[in-house]
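Here is the structure we will look at, set down as structure tokens.
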Amino acid sequence: MASSSQGLRLGIQVLLAIAIVALGYWLYVSITAPYARIEQAREVTEQTRQRMKKLSQALILYERETDDFPSSLDSLMIWLRNDTLAALRDQVLGADLNMDSLLFSPRTGSRFVYALNDTGRVEIYLLKDPDSEDQIGSEVPDVTLLNAASWE
């Protein structure tokens with residue numbers, strides 16, 4: 001009779017140990033999973049902003065060389081792919097620049113929105129991420145907003 005109750009006690013202890021391990025794992029995952037999603041979102045936001053800054057630097061480079069901003073991002077890319085600009089492009093934008101992905105947001109792969117306002121005294125552009133509120137520049141012809149990032 002004593003061995004039967006001792007076997008029952010051992011069975012309950014094993015069951016409780018398994019429950020403790022399972023609940024501990026569930027608690028660990030419930031704490032770390034949301035944090036991992038937040039960290040991933042921060043990383044994607046940083047990648048998007050870095051890509052927008054590179055695109056803004058390319059727009060500034062274009063404006064310095066031609067005295068105008070391009071009418072579209074496609075015009076900018078054609079200009080950037082020009083072989084005679086390779087050294088200047090690599091110096092300003094970095095040699096590791098992936099030209100094919102420059103126009104697209106890392107969040108969803110949507111193309112950045114570009115608008116040029118050349119109706120006022122100051123030519124100004126707006127470069128916007130379609131997946132967030134991040135933008136560089138403005139549609140309002142205000143020289144203080146030229147090349148100004150919304151997150152800075």
Side-chain angles (χ1 to χ4, degrees), residues 13-152:
Q13 287 176 343
V14 168
L15 185 63
L16 288 175
I18 291 171
I20 288 170
V21 169
L23 289 173
Y25 177 75
W26 176 79
L27 182 62
Y28 172 77
V29 168
S30 68
I31 291 172
T32 58
Y35 181 74
R37 284 192 300 269
I38 289 169
E39 283 300 311
Q40 182 181 14
R42 284 183 187 160
E43 183 178 322
V44 169
T45 297
E46 185 59 31
Q47 290 173 354
T48 301
R49 290 176 177 175
Q50 289 300 320
R51 196 170 289 176
M52 288 179 72
K53 284 180 183 180
K54 294 254 186 204
L55 202 48
S56 176
Q57 290 170 341
L59 288 164
I60 293 167
L61 181 63
Y62 184 98
E63 195 267 337
R64 284 185 186 152
E65 294 292 316
T66 64
D67 293 328
D68 285 325
F69 286 109
S71 59
S72 70
L73 290 178
D74 292 329
S75 300
L76 175 68
M77 293 308 291
I78 290 168
W79 183 79
L80 282 174
R81 291 182 194 274
N82 186 347
D83 288 338
T84 59
L85 293 170
L88 183 60
R89 178 191 65 221
D90 291 348
Q91 180 184 359
V92 173
L93 302 176
D96 62 338
L97 178 67
N98 183 352
M99 297 289 283
D100 295 329
S101 67
L102 186 62
L103 301 180
F104 300 96
S105 171
R107 284 189 174 101
T108 61
S110 300
R111 190 178 170 107
F112 290 120
V113 176
Y114 173 75
L116 177 64
N117 184 346
D118 57 358
T119 59
R121 292 172 139 202
V122 177
E123 218 177 45
I124 192 166
Y125 68 89
L126 172 68
L127 181 62
K128 184 166 178 27
D129 178 18
D131 303 321
S132 72
E133 297 298 316
D134 291 344
Q135 69 181 35
I136 297 177
S138 173
E139 291 181 316
V140 179
D142 182 358
V143 74
T144 61
L145 298 175
L146 184 62
N147 302 320
S150 63
W151 61 86
E152 292 177 342

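In what follows, every heavy atom counts, from backbone to side chain, and hydrogens, waters and symmetry copies are set aside.
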Mind checking side chain to side chain donor-acceptor pair (under 3.5 Å) for [X] and listing every partner two or more places apart, or none if nothing turns up?
| X | value |
| --- | --- |
| Ser72 | Ser75 |
| Asp100 | Arg81 |
| Ser30 | none |
| Gln50 | Glu46 |

Atom pair [atom1]/[atom2] of [X] and [Y] - distance to nearest 0.5 Å:
| X | Y | atom1 | atom2 | result |
| --- | --- | --- | --- | --- |
| Asp118 | Asp68 | CG | CG | 8.0 Å |
| Leu23 | Ile18 | CG | CD1 | 12.0 Å |
| Met52 | Leu59 | CE | CG | 10.5 Å |
| Glu65 | Glu63 | CD | CD | 10.0 Å |
| Leu76 | Leu103 | CG | CG | 7.5 Å |
| Leu116 | Leu127 | CG | CG | 12.0 Å |

Can you list everything that forms a salt bridge (charged side-chain N to carboxylate O under 4.0 Å, His left out) with [X]? Sequence neighbours excluded, please.
| X | value |
| --- | --- |
| Arg111 | Asp74 |
| Arg42 | Glu39 |
| Arg49 | Asp134 |

For residues 35-55, which residue pairs qualify under ring-ring contact (aromatic ring centres under 6.0 Å, His included), counting only residues two or more places apart or in two chains? none
Contact list for residues 15-34, test ring-ring contact (aromatic ring centres under 6.0 Å, His included), sequence neighbours left out: none
Looking at [X] and [Y], what are the two nearest heavy atoms and their distance?
| X | Y | result |
| --- | --- | --- |
| Tyr114 | Pro70 | OH-O, 2.6 Å |
| Pro106 | Thr48 | CD-OG1, 3.3 Å |
| Ser105 | Asp129 | OG-OD1, 3.1 Å |
| Pro141 | Asn117 | CD-ND2, 3.6 Å |

For Phe112, check ring-ring contact (aromatic ring centres under 6.0 Å, His included) against everything at least two apart and list the hits. none
Would you call Thr45 and Arg107 a side-chain contact if the rule is heavy atoms closer than 4.5 Å? yes
Answer yes or no: is there a side-chain heavy-atom contact under 4.5 Å between Ile136 and Leu55? no
Between Asp131 and Thr108, a side-chain donor and acceptor under 3.5 Å: yes
Excluding sequence neighbours, so at least two apart, what forms side chain to side chain contact (heavy atoms under 4.5 Å, CB included) with Glu43? Gln47
Pairs under 3.5 angstrom only: tabulate donor-acceptor contacts from the side chains of residues 143-152 to other protein residues two or more places apart or in another chain.
residue	atom	partner	partner atom	Å
Thr144	OG1	Asp142	OD1	2.9
Thr144	OG1	Asp142	OD2	3.0
Asn147	OD1	Tyr125	OH	2.5
Ser150	OG	Gln135	N	3.0
Ser150	OG	Gln135	O	3.4

